[in-house]
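Reminder, nothing fancy here: chain letters follow the sequence lines and each chain counts from 1. Bear in mind the structure is a predicted one, so any value in this text is a computation, not a measurement.
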Amino acid sequence: MASSPSGKPVLYSYFRSSCSWRVRIALALKGITYDQVPVNLLKDGGQQLAIIEYLEETRPNPRLLPQDQKKRAQVRMISDHIVSGIQPLQNLAILQRVGEKKLEWAQHYITNGFQALEQILKHTAGRYCVGDEVSMADLCLVPQVYNAERYKVDLAPYPTITRINKALLELEAFQVSHPTKQPDTPAELRA
Amino acid sequence: MSAVLVKPVLYSYFRSSCSWRVRIALALKGITYDQVPVNLLKDGGQQLTAEFQVVNPMQQVPALKIDGITLSQSLAIIEYLEETRPNPRLLPQDQKKRAQVRMISDHIVSGIQPLQNLAILQRVGEKKLEWAQHYITNGFQALEQILKHTAGRYCVGDEVSMADLCLVPQVYNAERYKVDLAPYPTITRINKALLELEAFQVSHPTKQPDTPAELRA
C-alpha cells in the first residue's frame, strides 16, 4: 500500500491473491476509500497482516481485533496459522516450482492446515472465528477456503470452517472484495 | 487469581526457529517459565501424539501455556506477552515504526521460514539443500533492501523489537543451510549485534535442555 498525492491510500492488488483479498476486506469493513492498482505479479510475503494491524491502530472503527487480550491472541493465532502455516505453502510461486504434482501438494498442505484449524475453531468460534464479531481471523479464513475450493480440497471434514465461511460470505465487505469482482478480474471469471 | 502464581510452560524444540523467537521474548521480558521439550523428529514427531494434541490442538511448537490459556504461533504469543507484560517494549510506540516491525516479522515468519521448515524439507527430499537455499536467498534479498530503510542499530531503529527476534533464528538457519551471507551486510551486522545480548544467548539452540550433547555449546 502507498499514498496517492490526494492522500487516498493506494492498494497494489492482484484479484486472485489471498493476501490482497484480506486487505481489501479490511478496507471495505472500515469504510476506507482507496485507489486500486492491479499488479499481475504480486510478491507474496504475508506482510498483509502488518497492514491490517496498522489500519486497526489508525482507523479503529469498526474493530477487527477484540478488546479482550486473550481473544485478541486467539485472533492472531488463527490468522498467523493461515498466513504462515497454510497460504505460503500453496501460493503461486511455490506451486510453479513444484511443477507437475502441484494439485497434490496444494491439497496436502491445505488439508493439514485445515485439520489443525478445525480443531482450534471448535474452541474459539461463535458466529465467526473468534466469538461473534468479525475479526482479522475471518479475513484470513475466507480467502483460504476459496483456495481450498480452487484446489478441490474436500471440505466435508471441516464443518466449523464451512459454516463460518458461509456466514462471512453473506457480508457485503466480503462480497465487494471478492476475486470475481475486481477491476482486474478476467471476463471469464467475473461474477 | 491463582493462575498468576503458576509459571508459564513453554513447549519447545531446541532447533525450532519459531520456538527460539518465543524463548528470546521470554528472556527479554524477564519471564521465568518451565520448558517442556517436544522432539519434532523422534517417534515420528512428538508434536503429533494424542498427548500433545490435548495441550495444543494445532499440534505445533511453540505452544505457551500462560494465564489459563494455551497459545501457539510465535508472533501471536509475542504480541500477547507484549500486551500483558509491556516492559521492556518489543514494539515501538510510533505506529508507523510498529508497522515496520510487523512487516519485517511477517516477511520472515510467512515469507521465508515456512518455505524451509522441517516438514517441507522432508517432503522435498533429495533436493532439500537447494530448496532451502533458494527460499532463504530470495527472502534475504528482499529483507536486506527493507532493512536498508528501517535499520539503526537493530532492524527498526535502535531498540530491540519483535523483528530482531525473527531475524536471528532465520540467520541461524541460513548458516545451517550454507547460504552465502556476503550479499547481506545489514542482516549480518544486525545479527552480530543481537547475538551479543544475553537474551539471544540464553535462548540459543545450543543451550537448551533438549540440545543434544554433540551440539551443546
Side-chain angles (χ1 to χ4, degrees), chain A residues 1 18-19 43-59 65 67-91 93-94 97-98 101 104-105 108-109 112-113 115-124 136-137 140, chain B residues 18 47 53 56-60 63-64 66-84 91 94-117 119-120 123-124 127 130-131 134-135 138-139 142-143 146 162-163:
Chain A
M1 283 193 72
S18 304
C19 308
K43 192 176 72 180
D44 282 318
Q47 293 145 29
Q48 288 67 21
L49 293 189
I51 296 173
I52 294 168
E53 296 254 11
Y54 179 77
L55 291 176
E56 181 72 353
E57 289 180 0
T58 54
R59 287 119 172 121
L65 288 168
Q67 215 147 1
D68 178 78
Q69 290 164 332
K70 290 175 185 179
K71 289 207 158 94
R72 198 152 59 238
Q74 291 176 333
V75 168
R76 288 184 173 124
M77 176 175 71
I78 292 164
S79 305
D80 287 354
H81 174 66
I82 295 170
V83 161
S84 309
I86 308 179
Q87 197 277 337
L89 305 176
Q90 47 88 100
N91 70 23
I94 217 183
R97 192 177 181 79
V98 165
K101 300 211 157 184
E104 184 192 289
W105 176 285
H108 170 81
Y109 284 109
N112 263 15
Q115 275 167 357
L117 184 58
E118 179 71 19
Q119 292 317 302
I120 202 69
L121 289 177
K122 285 188 157 89
H123 290 268
T124 63
M136 186 167 70
C140 296
Chain B
C18 312
Q47 75 281 19
Q53 193 173 24
N56 179 14
M58 294 173 88
Q59 306 201 279
Q60 294 157 351
L64 184 68
I66 190 170
D67 302 338
I69 53 168
T70 301
L71 293 173
S72 63
Q73 297 299 324
S74 57
L75 297 190
I77 294 172
I78 293 168
E79 295 253 14
Y80 179 78
L81 293 176
E82 181 73 353
E83 288 180 2
T84 55
L91 287 166
D94 178 77
Q95 288 164 334
K96 291 180 183 171
K97 290 208 158 96
R98 199 151 60 238
Q100 289 177 336
V101 168
R102 288 186 173 123
M103 179 179 71
I104 292 166
S105 304
D106 286 354
H107 175 68
I108 295 170
V109 164
S110 306
I112 308 179
Q113 196 276 337
L115 304 175
Q116 47 87 105
N117 71 18
I120 216 182
R123 192 176 180 80
V124 165
K127 300 211 159 184
E130 183 191 291
W131 176 286
H134 170 81
Y135 283 107
N138 264 15
L143 183 58
I146 294 169
M162 186 166 70

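Contact annotation for B/I69: only side-chain heavy atoms (C-beta onward) come within less than 4.5 Å of a heavy atom of chain A. Proximity to chain A is absent for every atom of B/Q113, based on heavy atoms less than 4.5 angstrom apart. No part of A/V75 comes within reach of chain B, as not one of its non-hydrogen atoms sits under 4.5 angstrom from that chain.
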Next item on the list: Decide yes or no on salt bridge (charged side-chain N to carboxylate O under 4.0 Å, His left out) for B/R102 and A/E57, but give the supporting numbers first.
Entry: CA-CA 13 Å; B/R102 288 186 173 123; A/E57 289 180 0; 2.9 Å; yes
Next item on the list: Run the numbers on A/L89 and B/L115 for side-chain contact (heavy atoms from CB on, under 4.5 Å), then give the verdict.
Entry: CA-CA 7 Å; A/L89 305 176; B/L115 304 175; 4.1 Å; yes
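Here the CD atom belonging to B/Q95 is positioned 11.5 Å from the CD atom belonging to A/E56, to the nearest 0.5 angstrom. With rounding to the nearest 0.5 Å, the separation of CE in B/M103 from CD1 in A/I51 is 9.0 Å. Separation of atoms CG (B/N117) and OG (A/S84) is listed at 10.5 Å; rounding is to 0.5 Å.
Between B/T70 and A/I120 there is no side-chain heavy-atom pair separated by less than 4.5 Å. Two residues are said to be in side-chain contact when any heavy atoms from C-beta on lie closer than 4.5 Å; B/Q59 and A/Q115 fail this criterion.
Heavy atoms only, all atoms of each residue included: B/Y80 and A/A73 are closest at CD1-CB, 3.8 Å.
With hydrogens and angles disregarded, a donor-acceptor distance shorter than 3.5 Å links the side chain of B/D106 to the backbone of A/A50. Side-chain N or O atoms of A/K70 include none that pairs as donor or acceptor with a backbone N or O of B/G68 at under 3.5 Å.
Of the listed residues A/Q74, A/R97, A/R72, A/E53, the one with more heavy-atom pairs under 4.5 angstrom with chain B than any other is A/R97.
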